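In this text the structure is predicted, and so the values were computed from the model without any measurement. Any value given below was found using the heavy atoms of this structure, including those in side chains, with hydrogens, waters and symmetry copies removed.
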Amino acid sequence: METLKHALPSGAVLTAYLHSSSPEMPWSVCTARPAVIICPGGAYRFTSAREQDPPAAVFLNMGLQVFVLEYSVGEKAGGKLPLEELARSVLYVRRHSAQWQIDPDKLLLLGFSAGGHLAASLGVHWDDPEILARCGLQNGKAIRPDGLILAYPVITTGEYAHRESCNTVTAGSTEPMEYWSLETQVTDKVPPVFIWQ
């Protein structure tokens with residue numbers, strides 16, 4: 001196994017847990033692996049340690065290449081910054097897919113609680129013109145996830161919202177609250193989703 005850290009321009013950190021090529025299993029004879037980017041929860045106030053390495057180990061043991069995103073939290077979580085960081089992370093993983101033996105068409109996002117909100121936000125807003133411009137892209141294909149796994153996610157800004165998460169992530173946003181109420185944003189452009197509570 002190989003562990004790598006990548007600092008994003010904002011200071012967020014993407015940690016990779018990668019299967020390495022070996023004489024017994026050289027990549028030249030192996031099938032490219034799916035990958036998952038894990039977004040831990042923490043109400044956009046912190047990133048929960050229990051939702052980082054433990055699930056990373058499970059998915060690594062299942063044969064995936066695994067990444068954990070420690071995105072911006074607290075006062076830095078507004079202005080769509082975590083969403084930009086996740087989009088940049090997806091782009092970074094896809095750009096290194098050949099190097100890391102990843103199938104670029106099998107990139108999943110796994111999000112817990114507020115991290116579930118973040119993962120689902122990219123699932124519905126991967127073609128947001130502002131996010132595309134920040135990432136230097138013309139279209140969102142390179143940052144669209146291929147599937148979402150949402151674990152007890154924060155989804156709504158409505159009646160059943162987790163107010164702390166919603167207030168933190170919407171700070172400094174010019175978007176209407178419906179933008180962040182993800183159950184109102186589902187269209188046929190959203191990738192497949194497995195959601196559990």
Side-chain angles (χ1 to χ4, degrees), residues 8 12-15 34-60 62 64 66-74 76-91 93 106-128 130-131 140 143-173 175-197:
L8 297 168
V13 176
L14 183 68
T15 303
V36 62
I37 299 175
I38 298 172
C39 302
Y44 286 107
R45 187 168 40 88
F46 66 99
T47 51
S48 171
R50 67 184 172 88
E51 295 165 347
Q52 294 182 40
D53 292 350
V58 171
F59 280 91
L60 189 71
M62 291 170 63
L64 283 77
V66 181
F67 302 82
V68 175
L69 177 61
E70 293 179 72
Y71 51 89
S72 292
V73 294
K76 295 181 179 180
K80 296 186 185 177
L81 187 55
L83 183 56
E84 175 189 341
E85 292 165 344
L86 182 54
R88 287 180 181 274
S89 296
V90 171
L91 186 60
V93 170
K106 292 183 180 175
L107 200 156
L108 308 173
L109 302 181
L110 165 60
F112 296 89
S113 191
H117 184 270
L118 177 55
S121 292
L122 190 60
V124 301
H125 295 307
W126 55 267
D127 58 353
D128 178 323
E130 182 180 350
I131 296 300
I143 60 171
R144 181 187 183 272
D146 297 302
L148 304 173
I149 304 167
L150 307 179
Y152 44 92
V154 173
I155 286 292
T156 187
T157 60
E159 180 182 358
Y160 301 105
H162 184 260
R163 290 287 163 222
E164 181 181 8
S165 297
C166 294
N167 291 341
T168 303
V169 76
T170 61
S173 174
E175 305 291 349
M177 286 304 275
E178 289 76 25
Y179 179 93
W180 302 102
S181 203
L182 305 177
E183 80 281 9
T184 69
Q185 302 298 309
V186 178
T187 67
D188 59 1
K189 71 179 184 179
V190 177
V193 179
F194 178 80
I195 185 169
W196 65 276
Q197 174 73 12

Pairs flagged by salt bridge (charged side-chain N to carboxylate O under 4.0 Å, His left out) wherever residues 176-185 is involved - sequence neighbours left out: none
Nearest-0.5 Å distance, CG of residue Leu110 to CZ of residue Phe112: 4.0 Å
Heavy-atom closest pair, residues Val186 and Val190: CA-CG2, 4.1 Å
Any donor-acceptor N/O pair, Gln52 side chain to Ser48 backbone, under 3.5 Å: yes
Check: Ile38 and Phe67 side chains under 4.5 Å, non-hydrogen atoms: no
Heavy-atom side-chain contact between Pro153 and Ile195 under 4.5 Å: yes
Side chain to side chain donor-acceptor pair (under 3.5 Å) against Thr184, all qualifying residues, sequence neighbours excluded: none
Partner residues of Lys189 under the side chain to side chain donor-acceptor pair (under 3.5 Å) criterion, sequence neighbours left out: Asp127
Where Ala12 and Ser72 come nearest, the two heavy atoms and their spacing: CB-N, 4.4 Å
Counterpart residues, side chain to side chain donor-acceptor pair (under 3.5 Å), relative to Glu130 (two or more places apart): Lys80, Arg134
From Trp180 atom CH2 to His117 atom NE2, the distance as rounded to the nearest 0.5 Å: 6.5 Å
Salt bridge (charged side-chain N to carboxylate O under 4.0 Å, His left out) pairs, two or more places apart, involving residues 143-170: Arg45-Glu164, Arg94-Asp146
Separation between CD1 of Ile155 and OG of Ser113, rounded to the nearest 0.5 Å: 10.5 Å
Val124 vs Trp126, side chain to side chain contact (heavy atoms under 4.5 Å, CB included): CA-CA, chis, key distance, verdict: CA-CA 6 Å; Val124 301; Trp126 55 267; over 6 Å; no
Leu148 versus Gly123, closest heavy-atom pair with distance: CD1-CA, 3.9 Å
Considering all heavy atoms, the nearest Pro82-Gly78 contact: CD-O, 4.3 Å
Close side-chain approach of Leu109 and Val90, heavy atoms under 4.5 Å: yes
Under 3.5 Å: donor-acceptor pair, side chain of Ser181, backbone of Met177: no
Those residues that, when tested against Arg88, pass side chain to side chain donor-acceptor pair (under 3.5 Å) (two or more places apart): Glu84
Note, Val68 side chain near Glu51 side chain (heavy atom, < 4.5 Å): no
Polar contact flag, side-chain donor to acceptor under 3.5 angstrom, Asn167-Tyr44: no
Between CG on residue Leu83 and OG on residue Ser121, distance to nearest 0.5 Å: 6.0 Å
Value rounded to 0.5 Å, distance of CG in Leu86 from CG in Leu8: 9.5 Å
Check: Pro40 and Tyr71 side chains under 4.5 Å, non-hydrogen atoms: yes
Minimal non-hydrogen separation, Thr156 against Tyr160, with atom names: CG2-C, 3.7 Å
Closest non-hydrogen atom pair between Tyr179 and Gln185, with its separation: O-CG, 3.9 Å
His162 side chain to Ser165 backbone, donor-acceptor under 3.5 Å: yes
Beyond-backbone contact of Ile37 with Val66, side-chain heavy atoms, under 4.5 angstrom: no
Residue pair Pro145 / Leu122, side-chain heavy-atom distance below 4.5 Å: yes
Reported CD1-to-CG distance for the pair Ile131 and Leu81, which is rounded to 0.5 angstrom: 8.5 Å
Side chain to side chain contact (heavy atoms under 4.5 Å, CB included) evaluation trace for Val193 with Ile149: CA-CA 6 Å; Val193 179; Ile149 304 167; over 6 Å; no
